[in-house]
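Chain naming here is simple, since letters A, B, ... match the order of the sequence lines and numbering starts at 1 in each.
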Amino acid sequence: MEYDFDSIEKDARAKWQKDNVYEVPEKSSKPKFYILDMFPYPSGAGLHVGHPLGYIASDIFARYKRLKGYNVLHPMGFDAFGLPAEQYALETGQHPAITTKTNIARYREQLDKIGFCYDWKREVRTSDPKYYKWTQWIFLQLFDSWMDRSQQKARRIAELVSIFEQEGNVNHVCPGDEMISFDASAWKGYSVQEQRRVLMQYRLAFLDYAVVWWCEALGTVLANDEVVNGVSERGGHPVEKKQMRQWFLRITEYAERLLKSLETLEWSDAMKEMQRNWIGKSYGAEVDFYLDEAAVNGTKRFIKIFTTRADTIFGADFMVLAPEHELVSSITTAEQRTVVEDYVTYVKSRSERERMTEVKQVSGAFTGAYVLHPFTGKQMPVWISEYVLSGYGTGAIMAVPCGDDRDHAFAKHFHIPISNIFGELYDGEKAYTEKAGRIQKSSFISMMEIPQAAEKVIDMLEDLQIGKRKVNYKLRDAGFSRQRYWGEPFPIKYEGETPYAIDAKELPVILPHVESYKPGPEGQGPLANIPEWMAEHRETNTMPGYAGSSWYFLRYMDPHNEHEFASRAATDYWKQVDIYIGGTEHAVGHLLYSRMWTKALYDLGYIGFDEPFKKLVNQGMIQGVSKILWTVGLKGAEVNHVPAIYISYDLCKEFGKSLFGADILKMIQQRNPTLIVGPMEGSKEIEIILNPYRVDINIVDKNDLLDINEFSKQLDINKVPVFLSNDNTIRCSSEVEKMSKSKRNVINPDDIVAQYGADTFRMYEMFLGPIDVSKPWDTKGIEGVHRFIKKMWRLYNDEQKGWIVSDEAATDAELRILHKTIKKTEEDIERFAFNTAVSSFMICVNELSSLNCHKLAVLEPLAVCIAAFAPHTAEELWHSLGHKDSVLNAAFPTWEQQYVTDNSKVYPVAVNGKTRAEMEFPLDMEQADIEKVILADATIQKYMEGKAPKKVIFVKGKMINVVV
RNA sequence: GCGGGUGUGGUGAAAUUGGUAGACACGCUAGACUUAGGAUCUAGUGCUGUGAGGCUUGGGGGUUCGAGUCCCUCCACCCGCACCA
């Protein structure tokens, strides 16, 4: 009998299922542990070997924690609403619910083969009405809440109403419109519609007309983070800005808390930094610059700007407004009107992509208007330019060319005189942007250091009431509407223009069936095509993809609750997710929204914690290695009846050096004289274009040679391909890139599992390298891991004699190997170093098999030690050792100090300036002149065979510290 | 441009607080048993040199008895943000 992973794994799975070993008890005296994977979106392509990387890591950790005596919640579910299923529906007419269901079934099957310990009874699907009922419910809570800025806490709208009735909004600035101001009697005088309009400006989920990213191709609005480099993240379609009525989440009200509580989280610095950047907090001042014009009704108009460099105010030479700024048309003078309007039109005509790629180009227009400097009274021209963004700060700046690169370039381009407030620090060629040095020629702040000068200026502005300190955030409110079908319907009905929440008792609002997934009229979603829906004046938008995923981690705690999203008892028991594993791609989207929802639910008293994910582990991607076959295109040659020409990569490399178009043409003719090829003279004018064609990686061998027969079979039979090469072989080049179906480089985990078994697959994925590093999949190395598992199995079994475990007492040498391995496993798992843990198993098994050790006393703990990594094999061994219960119910073995250390002798590396080379060993520690001794771990191991403390520190001959 | 990160054999990588660099594995070389080996086992494998030895963690410099690890500087690559005032 050999190691038969197929039957071992089948038996183990059957046993787990029969005994319900993965079921997580609701009540337990054990300490809890919650470890979560980012649930997948079930795409039609199925899983490839990259997907399970994080799942395997979390599975190992979950099993380990369970062996350590924790009650472990380790659930899985599906993020089932979203665009791809709907796009597919548009193309094929297949209902998204059906494709989603099929895809989930396939995912489930693939996941099961790898042996994950998920409690599937807790599975959630965001598209299930029983689930999205609560997504809608939470939306209603946000709709019914506002942020009390002074308490930094979300409160109920009803409380706000009673505040308004008593004192108006004097103590609660309106976040939606800071200009709104009223007292109690004014409030009471408002009509119901007016009151609701005001309240809408406070709600955490609110309706607003706003400029949003509109994607024509997808027919929907996209969130900021769904737009990448000026095109849609999904599909890469162009996007434009458009004014539309949209639902929003007032996440900006949480900016400060989202920023601050990052400090309490165990996330990578990179991840925290990304969130900090996204929130983008900056300290500065708002300053009013009055227009140089006659007062109307005793007031003058002013331009409010934001600056982080108030210290440079005396260097301001002109003003710049965003082209979209509301004052632009009213301040523009008659002479400048044409120029300004042309410029505004030009800016509007430019796609976001153009704007982004041509960042360095200077453009702008003069409005003809002037403002007066608040301190000097200097007249300053007002310009507009697209380098000032309407969405940041106030959409207007004071331009200080000597202290800012962009202002400098602008001034140079339009020949605006530049004042210098930095003396010799500014050379006239390049702006001085450092925030150190002394300010000059600046009235009351002259010769002050920059930081102090800034403070002084702001103080002065505040005294004069023309400016104030201001904290600014880049973060914008999150768009929460999609003109799409396959998402959660809003629990909202309209009376005229006024939206009303649907009574919570009527939830869920079921997503109705539609015949067509085409958009409705006027950019509305497909729901607008349903007469019954419209008759009830329901909201036609649906929620975005991140709605369901913003709270799913809570539902796992109490997945079948029909009365609450999760009971308080359940959330109080499980609390935060202890470890959350997933990719970095959700750094600012999902992770930020989840944090906000958690904080809101906390504020409203539904849960007892305000951060969802205590520790975050990012797994790297497993990339594919695409095989690229180069095809030749000839420009400038008249080639009739051009076949597909494929060229060996060896030959490609010669291109730049010696081969020209004509050489290629000659080669083609030699090989295939029937081809009629055009003019051959002027060879250098014939341009060769090499086009990459990604071939199925299965028809390329390990030396990158193409299986020409197999390839030809896949081609159109009428087109005879021509292959060009020096030696009758066609070589491909390789490229490491994302694994995807379209790149024909996908390795399917099912195939690997079928060939080597799930345990080998799991261990190999871990063995590849650190969990957070991206790396290409390479099937070659898997043999080593497979050999190791077989070797381990042979510690228990002999191919002839069968079961060979004996009751003999273990020797010290054997125990040392065992205990070192247990210790190492424990340490490595705790710090997520699964690759080195696998290595230590290999060492252990190698050593035990060279000692010919088949003893129960050693092998029984070893089976438990390895159970998290190779659960099927461990289960079988555990069972064969006579245990009725699953190995998961065993306790992780403990290691004993005596087998891993021995401090009877010390071997220092350096003593009082003497190096090891100059000393004799072992040293006499009673020597009085020894002041300090530091031991090298590796040195000790060599001398002591692994028994020693790591460091021993002596002072004046007395041992003062032993570090183990 | 700004922010974060990484650079170690032919390859994936170890080295936990500064202490024998390259564990473990792939690959490769030789050998054993074999009709055969894509099974198994043994030995070797950073570079260089016949050898003792010398050299080696992207380059250069520094701190230290001792540096892959700490500091400075330059280079390369990766990720994120990007006209954010």
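Ion pairing of Glu827(A) with Lys824(A) is absent here, as no side-chain N (NZ or NE/NH1/NH2) approaches a carboxylate O to less than 4.0 Å. Classification of Lys775(A) and Glu765(A) as a salt-bridged pair fails, no side-chain N sitting under 4.0 Å from a carboxylate O. Ion pairing between Lys272(A) and Glu263(A) fails under the 4.0 Å rule for side-chain N and carboxylate O.
The gap from the P atom of rA30(B) to that of rG38(B) amounts to 13 Å, rounded to the nearest Å. The C1' atoms of rG18(B) and rU69(B) are separated by 6 Å, rounded to the nearest whole Å. Comparing the C1' positions of rG27(B) and rG61(B) gives an interatomic distance of 38 Å, to the nearest angstrom. A distance of about 34 Å separates the P atoms of rC41(B) and rG7(B), rounded to the whole Å. For the P atom pair drawn from rA21(B) and rC83(B), the interatomic distance equals 50 Å after rounding to whole Å. Comparing the P positions of rU8(B) and rC77(B) gives an interatomic distance of 14 Å, to the nearest angstrom. Remark: the separation of the C1' atoms in rA14(B) and rG9(B) is 13 Å, to the nearest Å. The gap from the P atom of rG68(B) to that of rU17(B) amounts to 16 Å, rounded to the nearest Å.
Comparing rC24(B), rA15(B), rA85(B) by their nearest atom to the side chain of Ser839(A) picks out rC24(B). For Met842(A), counting side-chain heavy atoms from C-beta on, the closest listed nucleotide (rA25(B), rA85(B), rC83(B)) is rA25(B). Of all nucleotides listed (rC83(B), rG12(B), rC41(B)), rC83(B) comes nearest to the side chain of Glu386(A). Candidate nucleotides rC26(B), rA13(B), rC41(B) were compared by shortest atom distance to the side chain of Lys780(A), and rC26(B) ranks first. Across rA25(B), rC81(B), rG3(B), the shortest atom-to-atom separation from the side chain of Glu273(A) is found for rG3(B). Among the nucleotides rC81(B), rA13(B), rC83(B), the one closest to the side chain of Val773(A) is rA13(B). Nearest nucleotide to the side chain of Ile397(A), out of rC83(B), rA13(B), rA85(B): rA85(B).
Using a 4.0 Å heavy-atom criterion, one finds that Asp828(A) contacts no nucleic acid atom at all. The residue Glu783(A) sits apart from the nucleic acid: no heavy atom pair falls under 4.0 Å. Counting non-hydrogen atoms under 4.0 angstrom, Leu389(A) reaches a base of the nucleic acid. Here Asn835(A) lies in heavy-atom contact (under 4.0 Å) with sugar-phosphate atoms only. Looking at heavy-atom distances under 4.0 Å, Pro776(A) makes no contact with the nucleic acid at all. Within the 4.0 angstrom heavy-atom criterion, base atoms lie near Val388(A). Among the atoms of the strands shown, only primed sugar atoms or phosphate atoms (P, OP1, OP2) are found under 4.0 Å from some heavy atom of Arg309(A).
Taking atom CD1 of Ile789(A) as the reference point, atom C1' of rA25(B) lies 14 Å away to the nearest angstrom. Straight-line distance from the NZ atom of Lys738(A) to the P atom of rC79(B): 12 Å, rounded to whole Å. Following rounding to the nearest Å, Asn846(A) (CG) and rU40(B) (P) show an atom-to-atom distance of 13 Å. Going from atom CE of Met792(A) over to atom P of rC24(B) covers 19 Å, rounded to whole Å. We find that CD1 of Ile279(A) is positioned 19 Å from P of rG3(B), with the value rounded to whole Å. Atom CH2 in Trp777(A) sits roughly 16 Å away from atom C1' in rU11(B) (whole-Å rounding). The nearest whole Å value for the distance from the CE atom in Met271(A) to the P atom in rG5(B) is 15 Å. Atom CE of Met274(A) is separated from atom P of rG4(B) by 12 Å (rounded to the nearest Å).
Classification of rG62(B) as anti follows from a glycosidic angle more than 90° from 0.
Each of Gly393(A) and Asp269(A) has a nearest nucleotide on RNA chain B; the 5'-most of these lies closest to Asp269(A). Nucleotides of RNA chain B nearest to Lys790(A) and Gly280(A) differ in position, and the one nearer the 5' end is that of Lys790(A).
Note on Arg276(A): every side-chain N or O is 4.0 Å or more away from OP1 and OP2 of rG3(B). Residue Arg787(A) places no side-chain N or O under 4.0 Å from the OP1 or OP2 atom of rG38(B).
For RNA chain B, each stem of at least three Watson-Crick or G-U pairs (distances under 3.5 Å) is given as range with range: B:1-7 with B:75-81, B:10-12 with B:24-26, B:27-32 with B:40-45, B:46-48 with B:53-55, B:58-62 with B:70-74.
One N or O on the side chain of Tyr343(A) and one on the backbone of Glu386(A) form a donor-acceptor pair closer than 3.5 Å. A side-chain donor-acceptor contact under 3.5 Å links His854(A) to the backbone of Leu795(A).
Checking each of Tyr756(A), Phe767(A), Tyr764(A) against His786(A) for a ring pair (Phe, Tyr, Trp, His ring centres under 6.0 Å) leaves exactly one that passes, namely Tyr756(A).
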>> Is there a side chain to side chain contact (heavy atoms under 4.5 Å, CB included) between Met766(A) and Ile771(A)? Walk through the geometry before answering.
In response: CA-CA 7 Å; Met766(A) 293 300 102; Ile771(A) 193 82; 4.0 Å; yes

> For Gln275(A) and Leu258(A), what are the C-alpha separation, side-chain angles and deciding distance, and is it a side chain to side chain contact (heavy atoms under 4.5 Å, CB included)?
Replying inline: CA-CA 9 Å; Gln275(A) 292 224 339; Leu258(A) 288 169; 5.8 Å; no

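With sequence neighbours excluded, the residues that form a side-chain contact (heavy atoms from CB on, under 4.5 Å) with Lys738(A) are Met621(A).
Note on ring orientation: taking the six-membered ring where Trp is involved, the planes of His590(A) and His586(A) are perpendicular (angle over 60°, cut-offs 30° and 60°).
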